[in-house]
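Beneath this line is the structure, given in structure tokens, with notes to follow.
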Amino acid sequence: AQTVTQSQPEMSVQEAETVTLSCTYDTSESDYYLFWYKQPPSRQMILVIRQEAYKQQNATENRFSVNFQKAAKSFSLKISDSQLGDAAMYFCAYRSAGSNYQLIWGAGTKLIIKP
Amino acid sequence: GAVVSQHPSWVICKSGTSVKIECRSLDFQATTMFWYRQFPKQSLMLMATSNEGSKATYEQGVEKDKFLINHASLTLSTLTVTSAHPEDSSFYICSARKPGTGIETQYFGPGTRLLVL
């Protein structure tokens, strides 16, 4: 069975600086998808970024980028120029490429932005 | 876009009553919707997968007679918590799979806070 591990329960960063959130996963599959979701205090889950395992190029979305290391089974999220609005819980999630569309979730990392 | 709405946003009910939560995909058709439960400061726990026109698939440990799921159309799934008790108090979130090419991402509703007195 696949598992997702987020080893940092909480991270803090100074506003305008860069922070990296860690995520590792375990799978025997070769084709899958990885996601980072953000859950602010409103508790609305928001998709931040996604990555197809077959793509070597790391995904980027404005200030958000990932470092996808397939061999190491690592999928870290880098947030550049951190803003107060980035404060939230961040969840890493894995999904098989097969017909089962279920997401497997990490425990989450709480990101605190210091003004 | 991919917008998912959830109604109500929060509800308080008496023990023993039933509560229905609606999940709608507003700008796309969702053949598959998911229902999650989230306890404070924890990750999401998948309760069931709802496929349009068929019975929901429940995760191990989730009582299907307690949490009734209906996915009658491509844009609507409902979760009914029957004979609710205080231990059912939680945050319930739905998501909808947006079909198409490439990654078929799940988009989430804003959640429903349920408090059973």
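Treat the numbers as computed from the prediction; the structure is a model and nothing was measured. Residue numbers begin at 1 in each chain, while the letters A, B, ... track the order of the sequences.
Summarising the geometry, atom CD belonging to B:Gln42 is positioned 14.5 Å from atom CH2 belonging to A:Trp105; distances are rounded to the nearest 0.5 Å.
Using a distance-only test at 3.5 Å, with no hydrogens or angles considered, no donor-acceptor pair links the side chain of A:Gln102 to the main chain of B:Thr49. In this structure, the side chain of B:Ser43 does not engage the main chain of A:Gly108 through any donor-acceptor pair within 3.5 Å.
No continuous path of ILVMFWY side-chain contacts below 4.5 Å connects A:Tyr90 to A:Leu47, so the two sit in separate hydrophobic clusters. Both A:Val66 and A:Tyr94 sit in one connected hydrophobic cluster of ILVMFWY residues. Membership requires side-chain heavy atoms under 4.5 Å apart, directly or through other members.
With contacts defined as side-chain heavy-atom distances shorter than 4.5 Å, the pair A:Leu103/B:Tyr36 qualifies. Between A:Gln39 and B:Ile93 the shortest side-chain heavy-atom distance falls below 4.5 Å. Between B:Lys41 and A:Met89 there is no side-chain heavy-atom pair separated by less than 4.5 Å. Side-chain contact check for B:Arg113 versus A:Arg43: some heavy-atom pair is nearer than 4.5 Å. With contacts defined as side-chain heavy-atom distances shorter than 4.5 Å, the pair A:Arg95/B:Thr105 does not qualify.
Applying the 6.0 Å contact sphere to NZ of B:Lys64 captures no more than 12 heavy atoms from other residues, nucleotides or ligands. For A:Lys73, the NZ atom is densely surrounded, since the number of other residues' heavy atoms within 6.0 Å is greater than 12. Around CD of A:Glu10, the count of heavy atoms belonging to other residues, nucleotides or ligands within 6.0 Å exceeds 12. Around the NZ atom of A:Lys70, the shell of radius 6.0 Å holds more than 12 heavy atoms that belong to other residues, nucleotides or ligands. Heavy atoms from other residues, nucleotides or ligands lying under 6.0 Å from CD of B:Glu87 number more than 12. Atom NE2 of B:His85 has more than 12 neighbouring heavy atoms from other residues, nucleotides or ligands inside a 6.0 Å radius.
Side-chain rings of B:Phe108 and A:Tyr37 approach one another, their centers coming within less than 6.0 Å.
Contacts between B:Gln38 and chain A at a heavy-atom distance below 4.5 Å involve backbone atoms as well as side-chain atoms. With a 4.5 angstrom heavy-atom cutoff, B:Leu46 touches chain A only via side-chain atoms.
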